[in-house]
Amino acid sequence: MALKVYNYLSRELERFKPLRPEHVNMYACGPTVYDHAHLGHAKTYVAMDVIVRYLRYLGYNVRYVRNFTDVGHLLDTGEDRISRGARRERVEPMELVETYINSFNDDMDALGVIRPNITPRATCHVPEIIVWVEDLLSQGYAYEVDGNVYFSVEKFPEYGKLSQRQVDEQQAGARVEVREDKRHPADFALWKRAASEHLMRWPSPWGEGYPGWHIECSVMATKYLGTTFDIHGGGLENMFPHNECEIAQAEARNAAPFANYWLLVGSLTVNGVKMSKSLGNFLTIKDALSLYSAEAIRYFILSSHYRGPVDFSRDALQAAQRGVGRLHNTVRKLRYAMKDAASAAGTAVLAQVGGLDEYREDFQAAMDDDFNTPQALAILFELVKEVNRHLDENSRHAMGTLAAMDRIFRDLGGKVLGIVPDNLEEREGGATVAGLVEFLLELRQQARESRDWSRADLIRSRMAELGILIEDGPDDTTWRLA
RNA sequence: GGCGACGUAGCCAAGUGGUAAGGCAAGGGUCUGCAAAACCCCCAUUCGUCGGUUCAAGUCCGACCGUCGCCUCCA
């Protein structure tokens, strides 16, 4: 088996081959930190997270870099997003940035997105950016007009190769008016002169100014990953112009390929329309987490292919919540059986010996096929059914079989997909709660033995009101938090 | 106008030439004091429409209909 990925550069499924055999260098465009993140961000970074996790599962040593954009990303009005946010909240720009970096990290932690190895910030790389702009000027790829420096797309014939666009066939100024000082409408800013009221500014050879939006990613990606690196990821909507500009700057300056594989994530939509700040149709990650579990949100995102769009709806999230709940129930039962020495000392083994390996192989085959998580989930659910059947049909299990099944859930559901927590059974509220619940279950069991059903049911319903679900099995009673 | 994506059961969603995965929901059954959980059965003669290629098409080609994305705001 070999990993194949869909490379937007070639528009083909390609065998994945990193520059160095055991090592993968990977970059993803991060968020502009001027507000709380919403579910659209969650989709992109959960998808990238699973890609990183799977590469590590395959044994690669992955260095994953994801930036924070904290300057230079402008609104249609020309105002910097960070500046506007700072004015809105009456704080210093860097205070605003700090707040929303922390917010973003909190959200990603809560979603189980593993932190990248490096999270560079644009404002921390202004000296490097200035060097790049100087280089591009001296190499003839850029020109300066009154404190603004533009990249000349006509000097880089490959401009458009990622998005497969012919610059001259685009409708120039379709959305934003073309600046008169550009030689070509598609030229983009490397460095911008700071107007007098502009808050963020750095001295440069062209006067006080600030970096353009695209240059930071070229500079930071190559600084930490090398002139040419393996994977560049991010949201599909950034393919043009942002990613296209990154390539142009980096390949023009370094005369070397930028990223070998471009893996781009489809957008999250609401009623078919993209979730975005500007449309106001967004749900923040924090709000989503108050309604659904992190695993349910991840499951929802992973239940469609990363390159495609996902349409958000309450129904879809609720279905995900229930689905992931069934997965958790099975894992919980499995681990419960492992703790039960009497049951685990038995000899029952899974009917098809070696069948467990097949699940792992099928899962890998799905993930090897351009990270086909819906297919991988389907296989995980087939295993859920198999394990449930095994647990149902046998009261005394072979510890080795239980451990092998648990290992698969930990590896595939936990390490790779991040939807099966390692500590599922420890979420049950701590020793004090556990002691109380066990005591109540004891009382209820006494009531049941004396056939006092109304008292037994009263205890069960009152506990359910407190969020503690009781389930009577053939031999014993189990409980869990709702 | 240019580039691109998508249209599979009530809902979500895999499947790129060989006869429709998986999840949620609905229905029937087993188990159970009841409930819950779990298991079993059932759930698309059919993949937007119409043509074409082929022994064979959801899968390839063409046209049409519909939805959406990008074309210097976005993850």
Side-chain angles (χ1 to χ4, degrees), chain A residues 11 13 28-32 37-45 47-48 73-77 79 81 160 163-179 185-189 213-214 233-242 244-245 264-269 272-279 282 299-300 303-305 307-311 313 315-324 326-327 329-330 332-333 366 369 372-382 384-385 388-389 391-393 448 451 453 456-457 460-461 464 469-474 478 480:
Chain A
R11 305 280 166 139
L13 211 55
C29 293
T32 302
H38 57 67
L39 277 181
H41 299 97
K43 177 174 181 334
T44 298
Y45 299 119
M48 298 310 296
H73 197 168
L74 306 186
L75 294 152
D76 278 357
T77 58
E79 192 181 10
R81 287 159 182 277
S163 53
Q164 299 199 335
R165 282 162 206 258
Q166 302 298 313
V167 181
D168 293 324
E169 288 174 12
Q170 299 297 306
Q171 210 171 66
R175 237 198 62 243
V176 174
E177 215 168 302
V178 178
R179 291 179 62 99
D187 289 352
F188 56 92
W213 174 38
H214 315 300
L236 186 59
E237 72 274 7
N238 276 338
M239 182 164 64
F240 190 90
H242 181 65
E244 199 70 70
C245 297
L264 302 176
V265 182
S267 298
L268 184 80
T269 58
V273 181
K274 194 173 74 173
M275 180 179 282
S276 71
K277 293 272 171 62
S278 47
L279 291 175
F282 62 90
Y299 176 89
F300 163 69
S303 67
S304 70
H305 189 90
R307 273 192 282 122
V310 172
D311 199 61
S313 70
D315 286 351
L317 257 299
Q318 254 151 31
Q321 183 84 52
R322 285 171 182 273
V324 89
R326 193 158 84 85
L327 176 62
N329 280 343
T330 297
R332 196 182 286 107
K333 272 190 197 174
D369 181 20
N372 190 336
T373 53
Q375 186 63 41
L377 283 169
I379 287 149
L380 216 52
F381 272 96
E382 281 170 17
V384 163
K385 186 167 275 194
N388 280 329
R389 212 177 288 139
L391 292 177
D392 262 17
E393 288 170 3
R448 292 180 77 205
R451 308 185 70 82
W453 306 125
D457 289 349
R460 183 171 62 194
S461 62
L469 302 182
I470 291 171
E471 291 168 3
D472 296 318
T478 60
R480 61 189 161 92

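Chain identifiers are assigned alphabetically (A, B, ...) following the order of the sequence lines, protein sequences preceding nucleic acid strands; residue numbering begins at 1 within each chain.
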Inset, instruction - Name the orientation class of the two ring planes belonging to Trp213(A) and His242(A) (parallel below 30°, tilted from 30 to 60°, perpendicular beyond 60°). - result: parallel

Legend entry - Touch class at under 4.0 angstrom, heavy-atom based, for Asp457(A) against every strand present: base

Legend entry - Distance in angstrom units between Asn388(A) CG and A36(B) P, rounded: 17 Å

Inset, instruction - Sticking with atom P, work out how far C6(B) lies from C39(B), rounded to a whole angstrom. - result: 34 Å

Inset, instruction - Starting at the 5' end of nucleotides 14-25 of chain B, put B wherever the base has a protein heavy atom under 4.0 Å, S where only the sugar-phosphate does, and a dash everywhere else. - result: SS-----BSSSS

Inset, instruction - For Arg11(A), look at atom CZ and say whether over 12 heavy atoms of other residues, nucleotides or ligands are found less than 6.0 Å away. - result: yes

Inset, instruction - Tell me, please, which residues at least two apart from His305(A) pass ring-ring contact (aromatic ring centres under 6.0 Å, His included). - result: none

Legend entry - A44(B) and U8(B), which share atom name C1', separated by this distance in whole Å: 8 Å

Inset, instruction - Could you tell me whether Gln164(A) contacts a base, only the sugar-phosphate backbone, or nothing, with contacts defined as non-hydrogen atoms closer than 4.0 Å? - result: sugar-phosphate

Legend entry - Side-chain-base donor-acceptor pair under 3.5 Å for Asp392(A) and C31(B): no

Inset, instruction - Could you check how far CE of Met239(A) sits from P of C74(B), rounded to whole Å? - result: 14 Å

Legend entry - Spacing of Ile470(A) atom CD1 relative to U32(B) atom P, expressed in whole Å: 20 Å

Inset, instruction - Could you work out the separation of A36(B) and G29(B) based on their P atoms and round it to a whole Å? - result: 14 Å

Legend entry - pair Leu268(A)-Thr44(A): side-chain heavy atoms closer than 4.5 Å: no

Legend entry - Distance below 4.0 Å between Arg389(A) side-chain N/O and C40(B) OP1 or OP2: yes

Inset, instruction - Provide the distance between the two C1' atoms, one in G17(B) and one in U59(B), to the nearest whole Å. - result: 7 Å

Inset, instruction - Have a look at Gly234(A) and say if it touches a base, only the backbone sugar-phosphate, or nothing, with a 4.0 Å heavy-atom cut-off. - result: sugar-phosphate

Inset, instruction - In whole angstrom, give the distance that lies between atom NE2 of His73(A) and atom C1' of A75(B). - result: 10 Å

Legend entry - Audit row: Asn238(A), Leu264(A), side-chain contact (heavy atoms from CB on, under 4.5 Å) steps and yes/no: CA-CA 9 Å; Asn238(A) 276 338; Leu264(A) 302 176; over 6 Å; no

Inset, instruction - Using Watson-Crick or G-U wobble pairs with both distances under 3.5 Å, give me RNA chain B in dot-bracket, 5' to 3', with [ ] for crossers and | for pairs to another strand. - result: ((((((((.[[[..)..(...]]]..((((.......))))......[[[[[..)....]]]]])))))))....

Inset, instruction - Would you classify Arg451(A) as touching base, sugar-phosphate or nothing, given that sugar-phosphate means primed atoms plus P, OP1 and OP2, and contacts are heavy atoms under 4.0 Å? - result: nothing

Legend entry - Residues in ring-ring contact (aromatic ring centres under 6.0 Å, His included) contact with Phe282(A), at least two apart in sequence or another chain: His38(A)

Inset, instruction - Let me see the working for Asp457(A) and Arg460(A) under side-chain contact (heavy atoms from CB on, under 4.5 Å), right down to the final yes or no. - result: CA-CA 5 Å; Asp457(A) 289 349; Arg460(A) 183 171 62 194; 3.3 Å; yes

Inset, instruction - Would you indicate which nucleotide in U72(B), C34(B), C70(B) comes nearest to any side-chain atom of Arg165(A)? - result: C70(B)

Inset, instruction - Indicate, with a heavy-atom threshold strictly under 4.0 Å, whether Tyr45(A) touches base, sugar-phosphate, or nothing. - result: sugar-phosphate

Inset, instruction - For Thr373(A), answer base if it contacts any base atom (sugar-phosphate contacts may also be present), sugar-phosphate if it contacts only those atoms, and nothing otherwise; contact means non-hydrogen atoms under 4.0 Å. - result: nothing

Inset, instruction - Give one of base, sugar-phosphate or nothing for Ser313(A), where a contact means two heavy atoms less than 4.0 Å apart. - result: nothing

Legend entry - Rounded C1' spacing from G23(B) to A14(B) in Å: 11 Å

Inset, instruction - Could you measure between the two C1' atoms, the one in A38(B) and the one in U32(B), and give it in whole Å? - result: 12 Å

Inset, instruction - Figure out the CG/C1' separation between Leu268(A) and A75(B), and round it to whole Å. - result: 10 Å

Legend entry - Set of side-chain contact (heavy atoms from CB on, under 4.5 Å) partners for Ala378(A), sequence neighbours left out: none

Legend entry - Integer-rounded Å distance: C12(B) P and Gln321(A) CD: 19 Å

Inset, instruction - Can you tell me the distance, in whole Å, between the NE2 atom of His242(A) and the C1' atom of C70(B)? - result: 15 Å

Inset, instruction - Using the C1' atom on both, measure A13(B) against G22(B) and round to a whole Å. - result: 8 Å

Legend entry - Separation between the C1' atoms of G69(B) and G15(B), rounded to whole Å: 24 Å

Inset, instruction - State which of C74(B), G33(B), U72(B) makes the closest approach to the side chain of Arg460(A). - result: G33(B)

Legend entry - CZ (Arg322(A)) with more than 12 external heavy atoms under 6.0 Å: no

Inset, instruction - Could you check whether Gly266(A) gets within reach of a base, just the sugar-phosphate, or nothing at all, counting any heavy atom under 4.0 Å? - result: nothing

Inset, instruction - Please state how far atom CH2 in Trp213(A) lies from atom C1' in C74(B), giving the value in whole angstrom units. - result: 7 Å

Inset, instruction - May I ask you to evaluate whether Asn329(A) reaches the phosphate of A37(B), defined as a side-chain N or O under 4.0 Å from OP1 or OP2? - result: no

Legend entry - Any residue meeting salt bridge (charged side-chain N to carboxylate O under 4.0 Å, His left out) with Arg326(A), in chain and number order, not counting sequence neighbours: none

Inset, instruction - Check whether any side-chain heavy atom of Val310(A) lies under 4.5 Å from a side-chain heavy atom of Lys43(A), and answer yes or no. - result: yes

Legend entry - Rounded distance [0.5 Å steps], OG1 in Thr478(A) versus CZ in Arg332(A): 8.5 Å

